[in-house]
Amino acid sequence: MSTTQPTDLPDRTEVLVIGGGVVGCSVAYHLTRRGITDVTIIEQGELTGGTTWHAAGLVSQLKASHSLTRLATYSARLFEELEDETGQATGYRTPGSLSVAADEERWEEILRGASMATTCDVATEVIDLDRAKELFPLLNTDDLVGALYIPRDGLTSPVDTTLSLAKGAKARGARIIEGVAVEKLVAENGTVVGVETEQGYIEAETVVLATGIWSRQLAATVGVNVPLQACEHFYIVTEPLEGVERGMPTLRDPGGYTYFKEETGKIMAGFFEPRGKVWKLDGIPRDFSFGTLPEDWDHVGPIFERAVHRVPALGECGLQLFFNGPEAFTPDGVYYLGEAPEVDGCFVAAGFNSVGLQSAGGVGWVLADWIADRHSPMDLSAVDIRRAFPFQSRPDYLAERIPESLGLLYAMHWPFRQYESARNQRLSPIHDRIDAAGAVFGEVAGWERPNWFALDGQERAYEYSYGKQNWFEASGVECDAVRNAVGFFDQTCFVKFRVEGPDALIALNRICANEVDVAPGKAVYTQWCNDRGGIEADLTVTRISEDEFFVVTAAASGTRDEDWLRRGCRDRNVTVTDVTGELSMFGVMGPNSRALLSELTAADMGNDAFPFGTAQRIEVAGHDVWALRMTYVGELGWELYAPWAEANSLYEAVFAAGADHGLRHAGYHAMNTLRLEAGYRHWGHDITDEDTPLEAGLGFAVAWDKASFVGREALLVQRELPRTKRLIQFRLEDPDRLLYHDEPIYRNGDMVGRTSSGMWSYVEDRCLAMGYLNHPDGVTKDWLDTGRFEIEVATERILATASIRSFYDPRNERVRL
Ligand SMILES: Cc1cc2nc3c(=O)[nH]c(=O)nc-3n(C[C@H](O)[C@H](O)[C@H](O)COP(=O)(O)OP(=O)(O)OC[C@H]3O[C@@H](n4cnc5c(N)ncnc54)[C@H](O)[C@@H]3O)c2cc1C
């Protein structure tokens, strides 16, 4: 393809896409389709010369979640149709794919994936092993327990697909410059304004980093954090093999860490070994174009043996190629998309963890919309760059974590699975005490958090399964303490902001859907909505004084919520300070919490003096503490905020007094059970930026009388319409099956929604879930009452009970005891 020569470097472009791999070309293609045609792709080498050229070409549609599956299915459709538009073939074809399992647990994982596929219109077929062998004659089925066939899964040529996208973009006006590297990004007043290249400056309104394994280092030139790291990725190609026919489906044997695909009469076998191999931690060379890495049989040998077990013909033929090329991996195994919180106008599309080709079509679509509209077109929180944290870019962290995240691609995706590497990044001041109490920790946003507390004599380790795991009993004891006595939660990881200044009220009242112009000492539960009414954040805002507020949100949403808050406070006389590292936060929750705390404070903790939804500065065991009467577990209780340095002493005092009140430590698994029983929503699962408070059943937290707040107009319109989408609670009427998320929900045999989160309830002795239902005439009580509901678990439909209100304490009376 003829591209612009370096001498033709433009002075200015509306959108500069850095990187001419499949992702950069797809972003440019989709921008031009959206009518943004002043687009320039700048590539340091040649198009496809980074990671793209050596991709195996697999285009599978099923991903870990509904939204990522939507992007992948879009890619498949696009690659199929692109040639008609551009005249450049992509090489896309649909031989389908087979996923096989050699044990029951892997089989359940595959079947659960098949159930989720139905919510995304991806057709799957559970087939018997004879049929599997018919489709892939070289397959050893001796030890298999099941096979799933996805007939429309595809294969494409990475180079041809990229060139087709580039051609489509160019036809609508995009410029493509090859052979020029961007040396650094330039920002002024927190907004990107252009880039310095090897051959001069280019001014740009928007810059997209589609720079693959180079992204972390280039982003750092403007202070943007993109924690990713190149890892080696290996495959082999055999000599021509008898029995290999064109049209054979791709074969995935995750238990054997290998995929196999037919390639002109040969077999290509690619490996996702349990621990990956990091490459070039200290920076990727600029001239690594169409580069390859040396073979490493010591590393790949044990996995190759497994591949030979699955496809024995591999052991009897010669190998034509041993390939090793780098790909970008991220600490949580999911790519990054969106506008960087550090610099306006700087967008990221990188870190594709070996699924960049199949994701590229969808990624181009949503990122182009994101750039054009300045918001994402759907819930993309799972991939949003605002989930990245600075500590994750430290080389020592990446060196430890990335090999594990590569290995997790084909490892069992156990529910509640915890990372094993690069732990202990952020510790609560009472970490050692919690540890001594038997905590089994999990990690969120780098924080070590007690997920459950081992019972006496119990091993402090997870035993994973899709059923009830080894911590179920222990977590049940914790839930019981919170429901019937009192539980202690170390919530120090929650992110806390002090928002102060003459304009603090104006700014916050514009961001918050609820009214925060309240008396000092009042705590307000609120959503932050976007102008479509979608929920960007779900948190509490407490008014401390006339012009000082205290905002508390979940650990995982900290960066995202801070970004939203700072944007909302821009151009106003407001200071936002993250005080997470200054304050510990303890939840003392349960019917005995009042009696317990009353022993430690002279303050009146009674309902009249200290009602629900208020905060007071009180002395607790001699410590100056902010006590906030709020709960995420549906019981009477207080959150105590104390200076970091005093946390240990406060903890000791609470536990010394707690013995007589049945105080127990409780962990985050218990919290999840308790909040689901009480019907409290979890941001990122049950509520996202594409769900409104009305749909989520949170209309009670909207201050309809307030003259203005972001999202008000959209919500007012929606309020007058039937509730065609609505979050509903479910109880699964089979005590042996568990729900997690994205399970299809049926009413009278028709699919009407999917679950957003699920958790075991000890009160109900069943699994509970939430999920959005859709019905064009409105999801009403009558429609619910007249329907027979089922939820599909691993392809089996199971009776479920639907309810608008929570199953536990539906009138929310216990929090006001
Ligand atoms: C062996 C192997 C097999 C794979 N198989 C599959 C598969 O079957 N299916 C699948 O979906 N995915 C697969 N992948 C992953 C897939 O190849 C990648 O995820 C995808 O190609 C990433 O595309 P990209 O555009 O983000 O990155 P790249 O293709 O690396 O493109 C980034 C570009 O940015 C350019 N660049 C970087 N820095 C600068 C700068 N400063 N100035 C200008 N230009 C710059 C680079 O030169 C490069 O061309 C595989 C990966 C490997 C390694």
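Every number for a ligand or one of its atoms is a count from 1 in the order of the listing.
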Could you tell me whether [X] approaches ligand 1 through its side chain, its backbone, both or neither, with non-hydrogen atoms closer than 4.0 Å?
X	result
Ile42	backbone
Leu58	both
Ala349	neither
Val180	backbone
Ala350	neither
Arg286	neither
Trp53	neither

So if I count the atoms of ligand 1 from 1 in the order they appear, which ones are less than 4.0 Å from some heavy atom of Ala210?
32 (C), 33 (C), 34 (O)
Evaluate the criterion salt bridge (charged side-chain N to carboxylate O under 4.0 Å, His left out) for residue pair Arg175 and Asp38; output intermediate values, then yes/no.
CA-CA 8 Å; Arg175 279 182 222 95; Asp38 182 5; 3.6 Å; yes
Short N/O distance, under 3.5 Å, between Glu46 and ligand 1?
no
Touching ligand 1 at all, Gly270? Heavy atoms, strictly under 4.0 Å?
no
For Tyr92, is the NZ or CZ atom of Arg77 found under 6.0 angstrom from the centre of its six-membered ring and inside 45 degrees of the ring axis?
no
For Tyr419, does the six-membered ring have the charged nitrogen or CZ of Arg401 within the cation-pi criterion, i.e. under 6.0 angstrom from the centroid and within 45° of the normal?
yes
Tell me which one of Glu232, His233, Glu178, Gln358 gets a heavy atom nearest to atom 52 (C) of ligand 1.
His233
Determine whether a donor-acceptor pair (N or O, by modelled atom type, separation under 3.5 Å) exists between the side chain of Glu273 and the backbone of Gly407.
no
